[in-house]
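Chain letters run A, B, ... following the sequence lines, proteins first and then strands; every chain starts at 1. Source: prediction; values computed, not measured.
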There are 2 protein chains.
Amino acid sequence: MEIFLETVSALNDETRVKLLAFLDQHGPLCVCDLQSSLGMIQSRLSRHLKILKDGGFLRVDRCGTWAYYSIRTPLDRFRSEALAEIRCLGIELPPLIKISETGDCKI
Amino acid sequence: MEIFLETVSALNDETRVKLLAFLDQHGPLCVCDLQSSLGMIQSRLSRHLKILKDGGFLRVDRCGTWAYYSIRTPLDRFRSEALAEIRCLGIELPPLIKISETGDCKI
DNA sequence: ACAATATATCAAGATATGTTGATTTAATAG
DNA sequence: CTATTAAATCAACATATCTTGATATATTGT
């Protein structure tokens with residue numbers, strides 16, 4: 001029950017749904033690029049990314065000081081159905097604005 | 001987006017997940033029988049049933065003063081996947097205690 | 001070691017959600 | 001019409017969640 005509710009409550013926020021849609025569209029992105037693209041302050045973004053990660057939707061790959069977040073694969077049935085539902089919403093997303101200079105990081 | 005969030009937030013509560021599981025197991029039940037079975041006070045139950053109905057999970061059939069709630073059919077993909085997930089949780093449910101004397105109501 | 005950058009966490013206040021008991025609405029029986 | 005029962009709604013309070021700015025941690029470059 002706890003895990004189910006953690007999964008569901010991760011979905012229960014407009015900001016997080018948009019984040020999932022954006023990462024679904026653009027693949028692995030570091031926090032600062034999400035910040036510049038979505039116009040969110042860093043602590044807010046970091047919080048929501050953690051909730052999505054704990055909810056089983058995202059993975060993080062660290063490279064130096066950067067943290068790359070992306071949709072976790074494979075997703076289980078329920079989570080991938082949720083993602084499919086989010087795709088169907090046709091959410092309007094802002095363009096990707098990359099500000100990171102990632103040097104050797106090849107993610 | 002609004003409808004999706006309404007659907008998700010309907011799932012985002014332990015009481016409502018148990019209610020779904022109970023109705024899934026026992027079929028159409030009136031509020032008073034849910035009350036006696038689940039040991040919840042009436043206003044609380046009524047609130048959660050409304051949220052589940054508005055979230056697209058339940059239907060109501062009225063018969064006299066009784067209101068019979070049951071899982072709506074057919075459920076769309078996302079909702080039925082959610083229900084399948086809830087079935088998999090193996091939630092321990094209390095026994096059904098019927099207190100209603102429904103006269104002509106044949107639901 | 002020190003400074004700079006990226007990210008995570010914390011504390012405080014604002015907003016939303018859940019619980020309870022009281023009240024209201026609606027249908028039925030006398 | 002009045003009383004009774006089932007269910008819905010309301011108001012007040014308690015709890016949880018979200019936002020923000022400040023601070024902490026961690027890695028890299030000098």
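One interatomic measurement links the two molecules: CG of B/L52 to P of C/dG18, which rounds to 11 Å at whole-angstrom precision. Between A/Y68 atom OH and C/dA8 atom C1' the separation is 17 Å, expressed in whole Å. Look at CG on A/L29: it is 11 Å from P on C/dT7, rounded to the nearest Å. Counting to the nearest Å, the C1' atom of C/dT7 and the CG atom of A/L58 are 15 Å from each other. Distance CD1 (B/I51) to P (C/dT17): 9 Å, rounded to an integer number of Å. The nearest whole Å value for the distance from the CG atom in B/L11 to the P atom in C/dT17 is 15 Å. The distance between atom NE2 of A/H48 and atom C1' of C/dA8, rounded to the nearest whole Å, is 14 Å. Between the CD atom of B/E6 and the P atom of C/dT17 there is a distance of 11 Å, given to the nearest Å.
Hydrophobic clustering (ILVMFWY, side-chain heavy atoms < 4.5 Å, transitive): A/V60 and A/Y68 are in distinct clusters. Under a hydrophobic-cluster definition in which Ile, Leu, Val, Met, Phe, Trp and Tyr are linked whenever side-chain heavy atoms come within less than 4.5 Å, directly or via other members, B/L75 and B/I3 are assigned to different clusters. Both B/L5 and B/L20 are members of a single hydrophobic cluster when ILVMFWY side chains are connected at heavy-atom separations under 4.5 Å. Hydrophobic cluster membership differs between A/W66 and A/L58, with clusters built from Ile, Leu, Val, Met, Phe, Trp and Tyr side chains linked at under 4.5 angstrom.
Between B/F78 and A/F78, the ring planes are parallel. Angles under 30° get that label, and only those over 60° would be called perpendicular.
The side chain of A/R62 places an N or O atom within less than 4.0 Å of a non-bridging phosphate oxygen (OP1 or OP2) of C/dA8.
Proximity of A/V8 to B/V17: side-chain heavy atoms (C-beta onward) are nowhere separated by under 4.5 Å.
Sorted by first and then second residue, the side-chain hydrogen bond (donor to acceptor under 3.5 Å, both in side chains) pairs involving residues 82-97 of chain B (not counting sequence neighbours) are B/D24-B/R87.
The main-chain N or O of B/T7 is never found under 3.5 Å from a side-chain atom of B/R79 such that the two would form a donor-acceptor pair.
Residues from residues 15-25 of chain B that place a heavy atom under 4.0 Å from any atom of DNA chain D: there are none. Within residues 38-47 of chain B, the residues that have a heavy atom under 4.0 Å from DNA chain D are, in order of number, B/Q42, B/S43, B/S46.
Put simply, chain B comes within 4.0 Å of DNA chain D, heavy atom to any atom, from D/dA6 to D/dT9, going 5' to 3'.
Listed candidates were C/dG18, C/dA6, C/dA27. Nearest to the side chain of A/T65 is C/dA6.
DNA chain C is contacted by both A/N12 and A/K50; A/K50 maps to the nucleotide lying nearer its 5′ end (nearest heavy atom per residue).
Among residues two or more places apart in sequence or in another chain, the salt bridge (Lys or Arg N to Asp or Glu O under 4.0 Å) test is passed with A/R59 by A/D61.
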Exercise answer: donor-acceptor pairs, residues 37-48 of chain B side-chain atoms, under 3.5 Å, sequence neighbours excluded:
unit_1 : atom_1 : unit_2 : atom_2 : d
B/S37  : OG     : B/D33  : O      : 2.7
B/S37  : OG     : B/I97  : N      : 2.8
B/S37  : OG     : B/I97  : O      : 3.3
B/R44  : NH2    : B/T15  : OG1    : 3.1
B/H48  : ND1    : B/R16  : NH1    : 3.0

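Residue A/S36 forms a side-chain contact (heavy atoms from CB on, under 4.5 Å) with just one option from A/L29, A/L96, A/I99, A/V31, and that option is A/I99.
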